[in-house]
Amino acid sequence: MRSTPEAAVDMLQLWTIQPKSVWERAQDRGGLRTDGRLVDPYFRPAYRWMIGQMAQRLTGYTGMYPVWAWYRPKPDLRHTGYLTKGTPGVRLGFIAPADKVLLSDFDAWHSVLNGGYCAPNAAEAEWCAHYEACDRATVAGDAARLEALRRERPATWERIFDLDAWAVSNHPQYIQATLASVALSQITDVTHFTAR
């Protein structure tokens, strides 16, 4: 009996920036994984939200803290801000199955990180209306209304995954990727650098 070949899995080319020490540890462990204990406490609520989204959207995801990577554009090591200045680092290129990766707009992600209202450029009036209502509630001393407005914000966060809504023709779109882990066998390129 002839077997049916499995459908080809779409693969994504991704990059992650890591301190050299993390890369050395990954080589000993057989791959990259994130230690949630090392995540800044300020970012943990946003990371837990992303973990919940990954659990809903990715095949076989088990809820571990994600590895963060870039889908587009490839990180340009001539730029600053990837690591603390002077830190030895690596840019790791790797491939990953698309069904194991959750893509989101990097700029929009800051709404989640900061607990803000998330509205794409096309919905600027919606964003303004929300914050104007917050201002009115603050001036009126209406703490209950202000709290109700703040509770509306998480419902807008899933918009970070609508990449088309965030695309603007006059500037590059930064698309980040989250995934459970990266095996050494997935890594296709290692570029060492010192952070500027």
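As the structure is a computational prediction, the values presented were derived from the model and not from experiment.
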Original post:
Is there side-chain contact between S111 and T156, with heavy atoms separated by less than 4.5 Å?
Top reply: no
Original post:
Any side-chain heavy atom of L149 sitting closer than 4.5 Å to one from H130?
Top reply: yes
Original post:
Where the side chain of R44 meets the backbone of R37, is there a donor-acceptor pair that is under 3.5 Å apart?
Top reply: yes
Subject >> Nearest heavy atoms of R145 and A137, plus distance in Å >> reply: CG-CB, 3.9 Å
Original post:
Are F43 and M64 connected in the hydrophobic side-chain network, where two residues link if heavy atoms are under 4.5 Å apart?
Top reply: yes
**OP:** Determine yes or no for a side-chain-to-main-chain donor-acceptor pair under 3.5 angstrom, with E147 supplying the side chain and A144 the backbone.
**Re:** no
**OP:** List the steps and the verdict of side chain to side chain contact (heavy atoms under 4.5 Å, CB included) for R25 and V22.
**Re:** CA-CA 5 Å; R25 203 166 41 249; V22 170; 3.6 Å; yes
Please report, to 0.1 Å, the donor-acceptor pairs under 3.5 Å made by any side chain of residues 89-100, with sequence neighbours excluded.
| from | atom 1 | to | atom 2 | distance (Å) |
| --- | --- | --- | --- | --- |
| R91 | NH1 | P75 | O | 2.7 |
| K100 | NZ | T59 | O | 2.9 |

Subject >> Closest heavy-atom pair and its distance - A177, V101 >> reply: CB-CG1, 3.7 Å
**OP:** Supply the atom-to-atom distance Q18 CD to T34 OG1, rounded to the nearest 0.5 angstrom.
**Re:** 7.0 Å
Subject >> Rounded distance [0.5 Å steps], OG1 in T194 versus CG in L83 >> reply: 10.0 Å
Subject >> Side chain proximity check, R196 to Y82, heavy atoms < 4.5 angstrom >> reply: no
Subject >> Under-4.0 Å salt bridge between R29 and E24 >> reply: no
Original post:
Minimum heavy-atom separation for A119 to W166, with atom names?
Top reply: O-CH2, 3.2 Å
Original post:
Which of parallel (below 30°), tilted (30 to 60°) and perpendicular (above 60°) describes Y65 and Y47?
Top reply: tilted
Original post:
In Å and rounded to the nearest 0.5 Å, what is the OG1 to CH2 distance from T191 to W15?
Top reply: 10.5 Å
**OP:** Would you name the heavy atoms of S181 and V67 that are closest together and state the gap between them?
**Re:** CA-CG2, 4.0 Å
Subject >> Donor-acceptor pair, side chain of T138 and main chain of C134, under 3.5 angstrom >> reply: yes
Original post:
Does any non-hydrogen side-chain atom of I175 lie less than 4.5 Å from one of L163?
Top reply: yes
**OP:** Start with the C-alpha distance between W23 and Q27, add both sets of side-chain angles, then the distance that settles side chain to side chain contact (heavy atoms under 4.5 Å, CB included), and finish with yes or no.
**Re:** CA-CA 6 Å; W23 171 232; Q27 291 175 85; 3.2 Å; yes
Subject >> Spacing of CD1 belonging to I187 relative to CG belonging to L14, to within rounding of 0.5 Å >> reply: 11.5 Å
**OP:** Answer whether the closest heavy-atom distance between the side chains of I17 and F193 falls below 4.5 Å.
**Re:** yes
Original post:
Taking the six-membered ring for Trp, is the centroid-to-centroid distance between W68 and W109 below 6.0 Å?
Top reply: yes
Original post:
Taking all non-hydrogen atoms of both residues, which atom of A180 and which atom of M54 are closest, and how far apart?
Top reply: N-CE, 4.1 Å
Original post:
Looking at OG of S104 and CD of Q176, how far apart are the two atoms once the value is rounded to the nearest 0.5 Å?
Top reply: 3.5 Å
**OP:** May I ask you to test the I51-P66 pair for a side-chain heavy-atom distance under 4.5 Å?
**Re:** yes
Original post:
Does the side chain of Q13 come under 3.5 Å of the side chain of Y71 through a donor N or O and an acceptor N or O?
Top reply: no
Original post:
Do the non-hydrogen side-chain atoms of E158 and W49 ever get within less than 4.5 Å of each other?
Top reply: yes
Subject >> Short side-chain to backbone donor-acceptor contact, N114 and G116, under 3.5 Å >> reply: no
**OP:** Could you tell me whether the side chain of M50 reaches within less than 4.5 Å of the side chain of I160, counting heavy atoms only?
**Re:** yes
Original post:
How many angstroms lie between atom CG of D162 and atom CG of D105, to the nearest 0.5 angstrom?
Top reply: 9.5 Å
**OP:** For residues H192 and V190, report the shortest heavy-atom separation together with the two atoms involved.
**Re:** NE2-CG1, 3.8 Å
Subject >> Pair W157 and Y117, ring centroids less than 6.0 Å apart >> reply: no
Original post:
Yes or no on side chain to side chain contact (heavy atoms under 4.5 Å, CB included) for Q53 and L102, after CA distance, side-chain angles and deciding distance?
Top reply: CA-CA 9 Å; Q53 293 298 310; L102 185 55; 4.1 Å; yes
